[in-house]
Amino acid sequence: MLINDFFSITNYSHTDYSADFKICLNNNHAIYQAHFPNYPITPGVCTIQIAKELFNFLKQSESTIKKIKNLKFTHPLIPTTHSEVNFHLIWEDIDDENLTRIKVVVKKDDIIFSKMNMQLMITD
């Protein structure tokens with residue numbers, strides 16, 4: 001888990017099927033020492049994991065990523081430049097097998113860092 005280590009939630013609001021999170025990235029985390037020394041960039045896989053953990057936080061459950069589609073990284077997420085970013089999640093439940101379809105946009109002001117569509121299966 002990355003929550004409260006790699007990132008922390010500084011603010012959030014939600015409705016039944018959407019949520020907005022403001023998170024703070026820990027730019028001193030060991031991941032940034034390797035990716036990349038003297039030029040830290042948030043790895044794409046960490047962005048995906050953050051989105052999953054934010055959904056789990058809201059639902060107070062655990063989930064497994066079943067599918068990722070339309071994943072786009074449009075701007076590097078550099079924690080020393082943008083330590084606080086926003087994650088916007090919109091989801092809909094799929095009737096079978098506890099699946100949820102989620103759209104995620106990661107942004108700060110006018111900069112969009114990434115967009116993705118995921119399917120998560122609630123596991124507990």
Side-chain angles (χ1 to χ4, degrees):
M1 289 184 45
L2 300 178
I3 196 167
N4 298 323
D5 183 26
F6 185 74
F7 77 96
S8 57
I9 298 169
T10 58
N11 196 9
Y12 74 98
S13 62
H14 65 91
T15 64
D16 288 342
Y17 290 97
S18 70
D20 288 295
F21 287 90
K22 180 186 264 186
I23 69 159
C24 183
L25 297 168
N26 175 3
N27 61 15
N28 293 316
H29 196 276
I31 289 173
Y32 289 123
Q33 305 310 311
H35 198 268
F36 297 97
N38 301 318
Y39 189 71
I41 297 175
T42 304
V45 69
C46 291
T47 304
I48 294 166
Q49 181 67 22
I50 290 169
K52 176 187 155 199
E53 290 186 24
L54 292 174
F55 182 76
N56 291 349
F57 171 84
L58 276 179
K59 295 296 186 175
Q60 294 297 299
S61 64
E62 291 299 317
S63 64
T64 301
I65 297 172
K66 298 305 280 184
K67 186 186 292 187
I68 298 175
K69 304 178 12 176
N70 302 324
L71 176 58
K72 296 178 182 158
F73 296 101
T74 56
H75 195 278
L77 181 47
I78 302 166
T80 54
T81 305
H82 296 100
S83 62
E84 287 193 334
V85 294
N86 301 307
F87 276 68
H88 178 70
L89 287 70
I90 299 173
W91 62 90
E92 63 180 333
D93 296 327
I94 302 172
D95 291 334
D96 59 335
E97 301 178 24
N98 294 326
L99 290 175
T100 301
R101 190 176 298 130
I102 304 171
K103 293 181 180 181
V104 180
V105 177
V106 182
K107 64 186 267 183
K108 173 72 178 204
D109 301 324
D110 292 337
I111 301 170
I112 295 176
F113 298 101
S114 62
K115 294 180 179 183
M116 66 188 92
N117 294 324
M118 310 168 63
Q119 277 187 10
L120 298 180
M121 181 171 49
I122 306 296
T123 57
D124 68 350

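Both backbone and side-chain heavy atoms feed into the values below; hydrogens, waters and symmetry mates do not. Only a predicted model underlies this, so the values are computations on that prediction, with no experimental measurement involved.
In the hydrophobic cluster analysis, where Ile, Leu, Val, Met, Phe, Trp and Tyr join through side-chain heavy atoms closer than 4.5 angstrom, Val45 is grouped apart from Phe7. Neither Leu99 nor Val104 shares a network with the other; the hydrophobic side chains, linked directly or stepwise wherever heavy atoms of I, L, V, M, F, W or Y lie under 4.5 Å apart, form separate groups for each. Connection of Leu89 to Leu71 is established within a shared hydrophobic cluster, with ILVMFWY side chains joined at heavy-atom distances below 4.5 Å, either directly or through further cluster members. Hydrophobic clustering of Ile, Leu, Val, Met, Phe, Trp and Tyr side chains at less than 4.5 Å, counting indirect connections, keeps Ile111 apart from Tyr39. Val105 and Met118 fall into different hydrophobic clusters, where Ile, Leu, Val, Met, Phe, Trp and Tyr residues are linked whenever their side-chain heavy atoms come under 4.5 Å apart, directly or through other members.
Contacts of Ser83 classified as side chain to side chain contact (heavy atoms under 4.5 Å, CB included), with partners at least two apart in sequence or in another chain: none. Applying the side chain to side chain contact (heavy atoms under 4.5 Å, CB included) rule to Phe36 yields the partners Ile41; only residues at least two apart in sequence or on another chain are considered. His88 pairs by the side chain to side chain donor-acceptor pair (under 3.5 Å) definition with Asp20, not counting sequence neighbours. For the side chain to side chain contact (heavy atoms under 4.5 Å, CB included) test, residues two or more places apart in sequence or in another chain that qualify with Pro40 are Tyr32, Pro79, Thr80. With sequence neighbours excluded, no residue forms a side chain to side chain donor-acceptor pair (under 3.5 Å) with Asn98. Taking Ser13 as the reference, nothing meets the side chain to side chain donor-acceptor pair (under 3.5 Å) condition, with sequence neighbours excluded. For the side chain to side chain donor-acceptor pair (under 3.5 Å) test, no residue two or more places apart in sequence or in another chain qualifies with Asn117. Among residues two or more places apart in sequence or in another chain, the side chain to side chain contact (heavy atoms under 4.5 Å, CB included) test is passed with Tyr17 by Trp91, Asp93.
Applying the salt bridge (charged side-chain N to carboxylate O under 4.0 Å, His left out) test to every pair with at least one member in residues 101-116, sequence neighbours left out, gives these pairs: Glu92-Arg101. Sequence neighbours left out, the pairs with a member in residues 101-124 that pass ring pair (Phe, Tyr, Trp, His ring centres under 6.0 Å) are His75-Phe113, His82-Phe113. Pairs passing the side-chain hydrogen bond (donor to acceptor under 3.5 Å, both in side chains) check and including a residue from residues 45-55, sequence neighbours excluded, read Gln49-Glu53.
In this structure, Thr10 contributes its side chain and Cys24 its backbone to no donor-acceptor pair below 3.5 Å.
Residues Cys46 and Ile31 approach most closely at SG-CD1, 4.0 Å, considering heavy atoms. In terms of heavy atoms, Ala34 sits closest to Pro37 at O-CD, 3.8 Å. When all heavy atoms of Ile122 and Asp124 are compared, the closest pair comes out as CG2-O, 3.3 Å. The two residues Phe73 and Gly44 have their closest heavy-atom pair at CZ-CA, 3.4 Å.
Note: Ile9 CD1 to Ile3 CD1 = 3.5 Å, rounded to the nearest 0.5 Å.
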For residues 55-70, please give each side-chain donor-acceptor pair under 3.5 Å, one per line with the distance, not counting sequence neighbours.
unit_1 : atom_1 : unit_2 : atom_2 : d
Asn56  : OD1    : Ser63  : OG     : 2.7
Gln60  : NE2    : Phe57  : O      : 2.6

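Looking at Ile23 and Leu54, their side chains come closer than 4.5 Å, going by heavy atoms from C-beta outward. Side-chain contact between Ile50 and Phe6 is present, with at least one heavy-atom pair separated by less than 4.5 Å.
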